[in-house]
Amino acid sequence: MSNSYENAIELKNVTKKYDGFTLDNVSFNVPKGSIMGFIGQNGAGKTTTIRGLLNLIPINEGEIKLIGLDHKKDEREIKERIAVVFDELPFHDVFNANHMGKIFGGIYKSWDNDKYSEYLDRLQLPRKKKIGKFSKGMKMKLQIACALSHNAELLVMDEATTGLDPVVRNEILDIFLEYLQNEDHSILMSSHITSDLEKIADSVTFIDRGKILISGYKDDILNNHSVIKCTKKDYTEIDPEDIISARLNDFGAEVMVNNRDEMSRKYSGLVFDRTTLEEIMVYYVNKSKKEWR
Amino acid sequence: MSKYKALFYREFIVSKKLILTQTIAMIGIMIFFWLIAMSMEFGNLKSAMFISYGSGAVDYIMNKEMKMLVMYFLGFIVAFGTTLIKLGDSANADINTNWRMYAFTLPVSSTEKALVELVLNILSVMISFVLSILNFAVLGGIYNIKVDFGFVVKIWSIFILAALIMNFFQKIIINRARTKKEAYLSNFSSIICWIVMIVAFIVKLKMPNSGSYYFNIDMDMLNIPEKYRLPADMVDYPIQEPVLVNLVEAVDLLGMLAFPLMILILMAGFFINRRMMERRYD
């Protein structure tokens with residue numbers, strides 16, 4: 001059964017309170033057919049948000065919809081149509097790939113064993129070797145093979161590429177890009193490896209200390225932000241309201257600004273460098289300090 | 001493969017080693033005791049193990065009773081052990097691998113998970129039944145004791161009931177565990193159950209006997225040879241075994257209640273486990 005929806009994920013004013021940490025009014029959408037990178041430093045609230053939207057933890061306030069369905073009322077149907085990948089393989093060491101194929105084949109109605117076999121071959125995963133003897137990269141590949149073999153419409157990944165070497169990460173990212181060839185497929189990928197997201201994400205949401213700081217199309221975010229490298233004197237002439245945060249050193253300052261086009265007209269004598277998601281993240285994390293070293 | 005088959009398959013693969021080792025251990029214990037029994041009856045241990053009460057007939061009767069006690073004690077170990085076979089399987093492994101959390105993302109309900117556990121409990125009870133009956137049959141043959149089948153079933157059902165009660169509490173603690181610390185603590189749940197049972201046993205032993213009972217021995221049941229049978233007016237012989245008498249009475253009473261209680265415990269376990277399995281993380 002399939003329903004029509006515009007956004008694969010919709011979060012509206014989601015709040016979750018713990019002692020010492022609050023996920024505070026988190027709202028963002030993941031459009032259908034796209035991949036969203038969910039970035040933030042450790043402890044920012046990425047995993048809490050993902051657990052909330054998967055109903056692994058109860059939320060205090062807010063609305064969540066996955067593939068157009070309510071995340072609590074339609075939980076069973078949602079689980080049939082989505083796949084989740086965690087940062088560590090949740091399968092016992094005694095299993096092998098064949099076992100997992102049989103187990104998931106019984107659990108998911110739309111399990112495709114041929115597709116699973118293809119992924120195992122492509123990712124060069126042995127079928128009869130115990131998972132306990134797999135390397136970290138092989139474990140992640142197995143988890144992804146299982147996730148992609150039941151025609152899931154939405155793939156939710158929580159730090160799935162953390163700890164993997166660049167070769168394996170590239171291999172996995174290629175598989176995700178292929179997965180997205182089908183415009184009914186969507187991905188939410190949380191990570192603090194921003195270079196991966198810069199390669200494949202369509203949109204990015206940045207969370208820090210339980211609050212969403214930025215959310216939008218990746219290219220727009222990258223184009224809108226810029227780093228001005230200037231002398232101390234020039235730095236003093238920049239309006240503090242225009243500064244997100246500035247890293248000071250002995251020779252001058254590196255200033256992160258938003259709205260690059262307007263700023264470049266306003267401060268025409270200064271040099272505006274392109275920036276990266278990682279830099280944006282670092283500067284936004286230090287936003288409250290304004291100046292830092 | 002259907003969903004239930006898949007879940008059973010998963011549980012079986014995870015617990016396979018434990019099931020095999022425990023079943024082999026149980027069968028090994030049984031065979032060991034059978035060999036001891038054969039030696040006591042026909043071999044080198046025959047004279048060494050004979051306890052003399054000063055009278056040929058009483059000696060014969062009392063030693064037979066001891067052998068019956070051994071039979072039932074072994075039956076207890078077998079029934080108890082095989083019923084609890086599945087217990088220590090995967091709580092820690094489930095939590096250490098994050099399987100429990102991952103399972104919440106699968107289209108599997110807590111009812112389905114709890115039902116699989118219930119069926120596995122019933123299967124382990126059936127295995128223990130078969131092994132217990134086998135044990136009684138073999139030892140009964142070695143000792144040349146005709147064992148009353150109804151009595152054996154009552155004894156077995158009480159052992160199983162005790163194991164299921166222990167299983168019930170352990171499962172609640174295990175299924176409730178969500179963090180590594182909770183999983184670690186759940187390992188000690190079996191110790192708590194054993195302590196409760198031992199305390200109950202000691203309290204029972206310390207309780208005064210409610211009167212004198214005469215253990216009316218069914219001569220035919222014990223298959224006592226004619227020359228050792230006492231005259232009818234001496235059937236109330238002076239040696240009494242209060243523990244054995246109380247035990248027989250208790251077996252009679254509990255045995256009647258055991259089956260319905262077993263079903264109650266299994267159903268209660270199902271509903272409570274289902275509730276525990278629904279518990280989310282926080």
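Convention: sequence-line order gives letters A, B, ...; per-chain numbering from 1.
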Does the pair [X]/[Y] count as a salt bridge with the N-to-O cut at 4.0 Å?
X: A:K72; Y: A:E75; result: no
X: A:E118; Y: A:R122; result: no
X: A:D121; Y: A:R127; result: yes

Select, from A:M100, A:H99, A:R76, A:E80, the one with the greatest count of heavy-atom pairs under 4.5 Å involving chain B.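 Among the listed options, the one with the most contacts to chain B is A:R76.
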
Just give me the residue among A:T48, A:D93, A:N55 that pairs up with chain B most often, heavy atom to heavy atom, under 4.5 Å.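 Heavy-atom pairs under 4.5 Å are most numerous for A:N55.
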
What distance do B:N121 atom CG and B:M262 atom CE have between them, rounded to the nearest 0.5 Å?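 Atom-to-atom, B:N121:CG and B:M262:CE are 12.0 Å apart.
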
Please classify the contact of A:F86 with chain B as side chain, backbone, both or neither, using a heavy-atom distance under 4.5 Å.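 Looking at A:F86, just its side chain touches chain B.
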
Quick one: what part of A:L89 sits under 4.5 Å from any heavy atom of chain B, side chain, backbone, both or neither?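 The backbone, not the side chain.
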
